[in-house]
*Asks:* 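The structure is given below, and queries will be raised subsequently.
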Amino acid sequence: MRTAALGPAERAEALARMSERELDILVVGGGVVGAGTVLDAVTRGLSTGIVEARDWASGTSSRSSKLIHGGLRYLEMLDFALVREALKERGLLLQRIAPHLVKPVPFLYPLRHRGWERLYAGSGVALYDVLATASGRGRGLPHHRHLTRRQALRVAPALRKDALVGALQYYDAQMDDARYVAALVRTAAAYGAHAANRARVVGFLREGERVVGARVQDLEQGGEYEIRAKQVVNATGVWTDDTQRLTAERGQFHVRASKGIHLVVPRDRIHSTTGLILRTEKSVLFVIPWGRHWIIGTTDTDWDLDKAHPAASSADIDYLLDHVNSVLAVPLTRDDVEGVYAGLRPLLAGESDATSKLSREHTVAHPVPGLVVVAGGKYTTYRVMAKDAVDEAVHGLDHRVAECTTEEVPLVGAEGYHAMWNARARIAARTGLHVARVEHLLGRYGSLTDEVLELIAEDPSLGEPLPWADDYLRAEVVYACTHEGARHLDDVLTRRTRISIETFDRGTRSARECAELMAPVLGWDAGQIDREVEHYEKRVEAERESQLQPDDQTADAARLGAPDIVPLQPL
């Protein structure tokens with residue numbers, strides 16, 4: 001399979017092609033579900049396109065806990081089917097679909113009570129392992145193990161001795177959620193799908209009661225396109241209700257936004273070789289290894305303010321710090337926090353108490369002819385959601401369509417990854433990069449690492465680390481624009497890399513050099529470079545200000561002080 005670039009020329013061509021000929025399926029929304037849906041459709045042989053109003057994964061799909069997991073706490077709710085399904089997907093992603101992007105991660109569950117808790121929690125974790133094995137995809141992760149307090153403190157010395165009497169250790173998996181979505185879109189494009197970000201649906205095309213396409217505004221170059229399609233799939237997550245209003249039809253369900261925030265702290269602030277999972281009065285709290293950092297999260301609170309930029313308040317940050325500090329021997333302070341990010345979960349809300357139980361699952365509906373809506377669910381089961389959405393859409397097509405094949409479709413970068421990993425020392429010797437740099441690239445690009453190395457071969461200065469964010473090479477900034485669809489500085493610092501949450505300055509010291517690297521690819525002049533840097537600095541300033549506010553309303557008002565680089569009008 002050829003790889004596909006998502007550069008400026010490819011984006012322009014995609015918009016032109018989509019407007020020239022009727023598609024079988026047009027997907028609206030570039031999060032993980034939308035990206036998964038367009039890949040599912042194109043690999044069934046359908047002509048497909050996908051449009052996204054902002055950047056790929058710019059909403060919920062770049063602001064998750066970065067976990068691919070079965071949902072251990074759903075076992076307590078006796079939702080065995082949901083857990084089994086998610087564990088099957090976890091195994092597929094780890095072993096076949098994206099082994100370069102999805103990696104095992106250990107978690108320690110401290111026990112606070114003697115006797116009954118070890119039996120109760122141990123039974124749950126054992127069942128978790130059994131369900132993973134029963135799914136046929138349990139291989140690849142170690143089974144859980146029971147630890148004494150001394151053993152637990154050996155793997156997690158950061159814990160207070162009086163915070164546990166013993167522990168359980170089990171495994172799940174993690175990934176960089178935004179990079180995963182970009183890989184999905186690139187894979188779909190490699191199979192022939194047309195993909196354009198910064199392309200916003202402003203209305204649906206109708207023939208009688210039937211939806212026959214969408215009017216799409218190009219937010220980069222200007223102009224409007226009419227894209228006709230036999231079926232349109234609305235996969236816009238927390239924006240589902242807003243998108244549905246464009247049809248002037250009453251939806252069959254509603255999507256409620258639940259805010260979850262995460263803190264990022266340096267790895268040396270918590271002395272542990274394993275992640276942690278802690279019970280809270282409401283849910284669970286994760287402390288997740290993340291390269292040279294830890295991610296701590298999450299919260300779960302209603303949010304009915306700005307969906308594009310949910311804000312973390314001072315109260316949210318204090319909540320996480322208080323709970324994690326309850327078990328740490330050396331407490332964390334605000335000064336330890338490098339980054340903060342907030343995301344919105346799209347939870348289904350029915351019109352009665354009876355339907356509200358759907359909130360943690362997903363649903364697919366066909367509210368009007370020609371329009372399919374998919375909403376709810378969780379990141380781990382995106383592929384199942386995509387399959388269900390396409391299965392529903394093909395009912396409206398006038399020809400026979402193949403069954404879903406995405407169980408067998410690896411993402412770009414997966415094929416040949418293991419062989420390149422085994423050869424990483426030779427690659428390092430050939431390129432002059434340190435082997436640790438090669439490992440970093442392989443963990444982000446898989447076998448597509450060769451494309452990044454080609455940029456460095458053409459311009460050796462791109463093999464240098466990015467100042468003030470030396471986990472990343474300068475070549476990665478260029479590659480984000482030439483191949484991964486980055487259109488603005490914020491796209492690179494926030495999603496193609498994680499500099500915005502992995503440095504104490506939130507990426508402001510790296511901003512200008514990044515913009516200057518992006519400029520030749522995107523055709524920026526000096527004025528646009530200045531505008532990009534100024535916008536990014538204002539964004540960081542507004543986020544910092546919002547995180548000092550006492551509640552959601554004041555935090556939201558502070559965050560809205562920084563406008564988007566591409567102004568979006570409300571629907």
*Asks:* Between Leu23 and His194, is any pair of side-chain heavy atoms under 4.5 Å apart?
*Replies:*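 SC-SC contact between Leu23 and His194 confirmed.
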
*Asks:* So does Arg198 pair up with Asp564, basic N to acidic O under 4.0 Å?
*Replies:*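 Asp564 and Arg198: not salt-bridged.
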
*Asks:* Do the side chains of Phe204 and Thr243 get nearer than 4.5 Å, heavy atoms only?
*Replies:*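 Yes, side chains in contact.
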
*Asks:* Shortest non-hydrogen contact from Ala35 to Leu184?
*Replies:*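 Nearest heavy atoms, Ala35 then Leu184: CB-CB, 3.7 Å.
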
*Asks:* Show your working on side chain to side chain donor-acceptor pair (under 3.5 Å) between Asp316 and Thr299 and close with a plain yes or no.
*Replies:* CA-CA 7 Å; Asp316 292 327; Thr299 58; 4.8 Å; no

*Asks:* Using a strict 4.0 Å threshold on nitrogen-to-oxygen distance, state whether Arg495 and Asp490 make a salt bridge.
*Replies:*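 The answer is yes: the pair qualifies as a salt bridge.
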
*Asks:* For Asp391, is there an ion pair with Lys387 - N to carboxylate O distance below 4.0 angstrom?
*Replies:*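 A salt bridge is present here (some side-chain N lies under 4.0 Å from a carboxylate O).
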
*Asks:* Any sub-3.5 Å donor-acceptor pair from Gln549's side-chain atoms to Asp551's backbone N or O?
*Replies:*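 Side chain of Gln549 to backbone of Asp551: no pair is present.
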
*Asks:* If you define the side chain from C-beta out and look only at heavy atoms, does anything of Ile288 sit under 4.5 Å from Ser65?
*Replies:*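 The answer is yes; the side chains approach within 4.5 Å.
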
*Asks:* Check whether any side-chain heavy atom of Tyr171 sits under 4.5 Å from a side-chain heavy atom of Arg90, and report yes or no.
*Replies:*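 Tyr171 vs Arg90: side chains apart.
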
*Asks:* Please determine which of Val102, Leu92, Asp177 meets the side-chain contact (heavy atoms from CB on, under 4.5 Å) test together with Ile68.
*Replies:*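 Testing Ile68 for a side-chain contact (heavy atoms from CB on, under 4.5 Å) against Val102, Leu92, Asp177 leaves exactly one candidate, Val102.
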
*Asks:* Please determine whether a side-chain nitrogen of the Lys or Arg among Asp552 and Arg559 lies less than 4.0 Å from a carboxylate oxygen of the Asp or Glu.
*Replies:*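 Salt bridge: no.
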
*Asks:* Measuring from Tyr128:OH to His69:NE2, what's the distance to the nearest 0.5 Å?
*Replies:*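 The OH atom of Tyr128 sits 7.0 Å away from the NE2 atom of His69.
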
*Asks:* Parallel, tilted or perpendicular, judged at 30° and 60°: which one describes the rings of Tyr341 and His262?
*Replies:*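 Judged by the thresholds at 30° and 60°, the geometry between Tyr341 and His262 is parallel.
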
*Asks:* Do Arg206 and Val211 pass the side-chain contact (heavy atoms from CB on, under 4.5 Å) test, and can you show the C-alpha distance, the side-chain angles, and the key distance before you say yes or no?
*Replies:* CA-CA 5 Å; Arg206 303 289 289 262; Val211 171; 3.7 Å; yes

*Asks:* Knowing that exactly one of Leu411, Leu39, Leu448 qualifies, which makes a side-chain contact (heavy atoms from CB on, under 4.5 Å) with Arg186?
*Replies:*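 Among Leu411, Leu39, Leu448, the one that satisfies the side-chain contact (heavy atoms from CB on, under 4.5 Å) with Arg186 is Leu448.
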
*Asks:* Check Thr298 against Leu285 and note the closest heavy-atom contact, atom names and distance.
*Replies:*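 Minimum heavy-atom separation between Thr298 and Leu285: N-CD1, 3.8 Å.
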
*Asks:* If you draw the axis of the six-membered ring of Tyr319, does the NZ or CZ of Lys259 fall within 45° of it and under 6.0 Å from the ring centre?
*Replies:*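 Not satisfied by the 6.0 Å and 45° rule.
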
*Asks:* What heavy-atom pair brings Gly192 and Val42 nearest, and what distance separates the two atoms?
*Replies:*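 So the two residues come closest at C-CG2, 4.0 Å.
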
*Asks:* Does a side-chain heavy-atom distance below 4.5 Å link Asp55 with His488?
*Replies:*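 The answer is no, as the side chains (C-beta and beyond) never meet within the 4.5 Å cut-off.
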
*Asks:* Please determine whether side-chain contact (heavy atoms from CB on, under 4.5 Å) holds for the pair Leu67 and Asp172, giving the CA-CA distance in whole Å, both sets of side-chain angles, and the decisive distance to 0.1 Å.
*Replies:* CA-CA 8 Å; Leu67 293 178; Asp172 258 319; 5.5 Å; no

*Asks:* Taking all atoms of both residues into account, what is the closest heavy-atom pair of Ala196 and Met18, and its distance?
*Replies:*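 So the two residues come closest at CB-CE, 4.2 Å.
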
*Asks:* Would Tyr191 and Arg44 satisfy side-chain contact (heavy atoms from CB on, under 4.5 Å), going step by step from the backbone distance to the final call?
*Replies:* CA-CA 10 Å; Tyr191 282 103; Arg44 298 194 198 201; over 6 Å; no

*Asks:* Assess Arg345 against Tyr379: is NZ or CZ under 6.0 Å from the centre of the six-membered ring, and within 45 degrees of the ring's axis?
*Replies:*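 Not flagged: Arg345 not positioned over aromatic ring of Tyr379.
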
*Asks:* Are Asn234 and Thr240 close enough that some pair of their side-chain heavy atoms sits under 4.5 Å apart?
*Replies:*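 Yes, their side chains come closer than 4.5 Å.
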
*Asks:* Looking only at non-hydrogen atoms, find the nearest pair between Ala393 and Val233 and report the distance.
*Replies:*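 Ala393 and Val233 have their closest heavy atoms at CB-CG2, 4.4 Å.
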
*Asks:* Output, in order, the C-alpha distance, side-chain angles, deciding distance and verdict of side-chain contact (heavy atoms from CB on, under 4.5 Å) for Thr43 and Thr406.
*Replies:* CA-CA 7 Å; Thr43 52; Thr406 52; 3.8 Å; yes

*Asks:* Kindly give the heavy-atom pair with the smallest separation between Arg210 and Gly396, and that separation in Å.
*Replies:*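 It is NH2-O, 3.7 Å.
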
*Asks:* Any Lys/Arg nitrogen of Lys88 or Glu407 sitting under 4.0 Å from an Asp/Glu carboxylate oxygen of the other?
*Replies:*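 A salt bridge is present here (some side-chain N lies under 4.0 Å from a carboxylate O).
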
*Asks:* Can a salt bridge be assigned to the pair Asp302 and Arg256 using a cut-off of 4.0 Å between side-chain N and carboxylate O?
*Replies:*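 Result for this pair is yes, salt bridge flagged.
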
*Asks:* With rounding to the nearest 0.5 angstrom, report the CH2 to CZ distance, Trp56 to Arg496.
*Replies:*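 Here the rounded value is 9.5 Å.
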
